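Down below is the structure, laid out as structure tokens.
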Amino acid sequence: MRISDRQRDILKIISQLDITPTMYQNAVTKYTSIAKYLENNGIEAAMYPQGSFALGTVVRPNTKDPNAEYDLDLICQLSNTRDDLTAAELRRKVEDILTSSDLYGGKLTIYDKCITIKYADVNGVGFSIDIVPAVAENEENKMRLRLKSNNPSLIENAIAIPKHCEKNYNWITNNPKGYRLWFENINAPFQAVSRMQYRQMIFEENRSIYDSVEEIPEELDRSALQRVIQILKYHRDMYYVKLKNGEDIKPISAILSTIVARISSSVPANISVFDLLYYVLNEFSTYAEHQVLTEESFVERYQGKNVIEKKGGKWIIVNPANPEDNLADQWNQDSSISKYFFAWAKAVREDLIDSLQMGDEDFRAKVETAFGFMTVANAWGSKYNKIAPKPVIPVIPAKPWRLQ
Amino acid sequence: MTFTVENITSQITQLMHEYPDLVVIRSDHQMVCLHGDILVFRTYNDFTLRKTYTLDVNIPIGSDELPFIVDTGRHIRQDYHHYYSDGKFCLATDSQIRIHYIDGFDLVTWMSEFVELYYFSYEYYERFGIFPFGERSHGSWGVIQTYQDFLMAKDEIETYMLMRFIKDQAYRGHLPCPCGSSKPLRNCHGPAMLRFYKDKRIKKIMINDLIAFNKELSNKNEC
């Protein structure tokens, strides 16, 4: 049993769950042509991705979940500011031009939050682009945010987006570009360490797409930090799909990216993926103490641990690019969310850290539970398994009972 | 389904063949008891369990009592709600097991489909807070739910009506189904009910459960 071999095998699964260079190129082509179309129709807008495409933490949607698909969140930022027009006007402007298009009109679904363009499936998985219209935030609001922020330089990028509210649209503040800058700043040293070896590997595997290593877009490099986020996201998807209301109570990706990046910011950048994962999960178990300690004793015992905070009975995970956005808002409305979050984090540790020390077959059983039976079988064949587990066939399976 | 000293030997041999780490620690005219480890290696819905459990398997001889498991390895939380304080497992309702093995008990499949799945459900529940195949209510409601599955009824009330019909009336496919759908029995719950008409032994188990349930209901009403 070699732990490093096992770690490499887990990473092999994760790299197969990543977006492929072909898919990445395809997505970029699609959103640049949307930008071009808007421009040709009189809307001058900067189009940029937010969320996992922007951060390099995309994972393949869980194929067991019928609603799962790749969705690329795209901000369509017009050159105005929020004072130039109302939220409803902005929304109508972008919506009207897209709906009148011969190319996009038929593929559109209008949601309260965004306008979605649905494309043909890619390898059996749906692909859609969610367009969020936006304008720059006004100076007055930026000033207020700067005063509250720990990262005031990021506030320059703040935007206002229309939020549907009863029958109208109001503005809400968002800052995806600022968030990306914040994330990239933390990720840069991790990226530098892994870049050369990783890019060489991508190049070898995709000679038909790229002529030289230099041609590979930087967005396809994956650092230890990005890998840890991908591992957690996919494990989360597999775990929560089994729960009742799993979709409503699973930790949002913005929470995972934020807390993992903040925790990683105090770690030497040459750390391996698994050492970082181990470190991050240990920190999670420290934050789990919030469930049993009073707020005062937590602060006293764990000075400076403020990635996940509890103040006045409320959970707080601050969006680093928007001090008025508490990413843990939902946690305060449904107490099961935090409870499940920490239970899930414990399961990740059992499956991917503790399992590294177990016998071959036990290790494989844990990884199958983490990432799914077929995903592991596709990546590993029969490695680590002399015999396969016996499937349970639930005709009328035994349901536990008690006399009274 | 009573085990005798004569008919138990070959089943014990088979059981020890499938689970080689079990040994007989008691064998007399009342009970055969095995002790040791079993490996549970099963997968369902992307959850793979591979774990060794230490247990006692007790098989009553010359009695109608079902075999039972004692968690000698203390793998199950004491406050798990499908666990008796004496360490015995509540595997499934007795009637489900009796009906399943109406033509003869088979220790090997009982171990793999009831005992192993008990551990499997437990570990799944510990991880996700839900049961992979559901669970039964405790007591007689759980018994009614057993028949709900057999009869493919939508709830306990409908199950109860179907059970009463089976007890009191003959099967006539053209009669309206007692579930109230106004469809003829043969196009509704009839096919699921037929096994109770065809096999008197199964019908007797069901009627006994129904009588016990009615008795419990009337006791509650008197209180």
Side-chain angles (χ1 to χ4, degrees), chain A residues 62-65 234-235 237-246 249 336 339-340 343-344 346-351 355 358-377 384-404, chain B residues 39-52 80-84 88-97 99-100 110 112-118 120-143 145-146 148-150 152 216:
Chain A
N62 173 8
T63 43
K64 281 268 167 80
D65 180 351
Y234 199 73
H235 193 288
D237 292 347
M238 291 300 296
Y239 183 91
Y240 280 85
V241 76
K242 296 193 180 66
L243 303 185
K244 223 191 275 169
N245 310 324
I249 60 171
S336 73
K339 202 182 97 212
Y340 270 110
W344 162 71
K346 204 168 141 239
V348 180
R349 192 183 158 130
E350 284 168 15
D351 295 348
S355 68
M358 295 175 167
D360 276 355
E361 281 158 326
D362 292 332
F363 164 67
R364 177 160 174 145
K366 292 285 181 194
V367 179
E368 281 176 4
T369 299
F371 297 129
F373 187 79
M374 282 316 291
T375 305
V376 176
Y384 301 116
N385 248 9
K386 282 194 210 80
I387 47 160
K390 186 177 167 193
V392 175
I393 298 159
V395 187
I396 300 182
K399 297 182 183 181
W401 171 80
R402 203 171 95 170
L403 186 57
Q404 51 195 315
Chain B
L39 171 70
V40 179
F41 189 24
R42 305 295 292 265
T43 187
Y44 174 72
N45 192 23
D46 283 328
F47 175 69
T48 304
L49 171 66
R50 190 177 192 283
K51 195 168 164 182
T52 302
Y80 180 55
H81 55 292
H82 294 292
Y83 188 76
Y84 293 118
K88 282 189 197 172
F89 290 173
C90 331
L91 295 172
T93 59
D94 277 10
S95 303
Q96 183 182 349
I97 298 177
I99 291 173
H100 191 89
W110 173 74
S112 91
E113 297 316 304
F114 289 93
V115 180
E116 288 193 13
L117 294 201
Y118 178 90
F120 190 90
S121 287
Y122 172 74
E123 301 290 353
Y124 193 101
Y125 178 79
E126 288 298 284
R127 184 179 166 96
F128 300 110
I130 48 169
F131 286 96
F133 323 112
E135 63 175 328
R136 305 262 184 235
S137 303
H138 290 161
S140 8
W141 278 109
V143 176
Q145 287 159 5
T146 304
Q148 189 180 334
D149 285 346
F150 283 131
M152 295 191 255
E216 196 180 296

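Quick note on labels: first sequence line is chain A, next is B, and so on, each numbered from 1. Not measured: the values here are computed from a predicted model.
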*Are any side-chain N or O atoms of A:T369 and backbone N or O atoms of B:T48, one a donor and one an acceptor, separated by less than 3.5 Å?*
yes

*Start with the C-alpha gap between B:R127 and A:D351, add the side-chain angles, then the distance that decides, and say whether side chain to side chain contact (heavy atoms under 4.5 Å, CB included) holds.*
CA-CA 11 Å; B:R127 184 179 166 96; A:D351 295 348; 2.7 Å; yes

*Would you give the length of the straight line joining atom CE of A:M238 to atom CG of B:N45, rounded to the nearest 0.5 angstrom?*
8.0 Å

*Check A:G372 against B:D46 and note the closest heavy-atom contact, atom names and distance.*
CA-OD1, 3.3 Å

_A:A343 portion near chain B, given a 4.5 angstrom heavy-atom threshold_ = neither

*Verify the neighbour count for atom NZ of A:K242: are there more than 12 heavy atoms of other residues, nucleotides or ligands below 6.0 Å?*
yes

*Flag the one option from A:G246, A:A347, A:A365 with the top tally of heavy-atom pairs under 4.5 Å to chain B.*
A:A365

_ring pair (Phe, Tyr, Trp, His ring centres under 6.0 Å), paired with B:F128, selected from A:Y240, A:Y239, A:W344_ = A:Y239

*If you round to the nearest 0.5 Å, how far is CG of B:L117 from CD1 of A:I393?*
10.5 Å

*Does B:Y122 have any ring pair (Phe, Tyr, Trp, His ring centres under 6.0 Å) partners at least two apart in sequence or in another chain, and if so, which?*
B:Y80

_Qualifying residues under salt bridge (charged side-chain N to carboxylate O under 4.0 Å, His left out), relative to B:R42, sequence neighbours excluded_ = B:E113, B:E116

*How far apart are the closest heavy atoms of A:A388 and B:F41, and which atoms are they?*
C-CE2, 3.9 Å

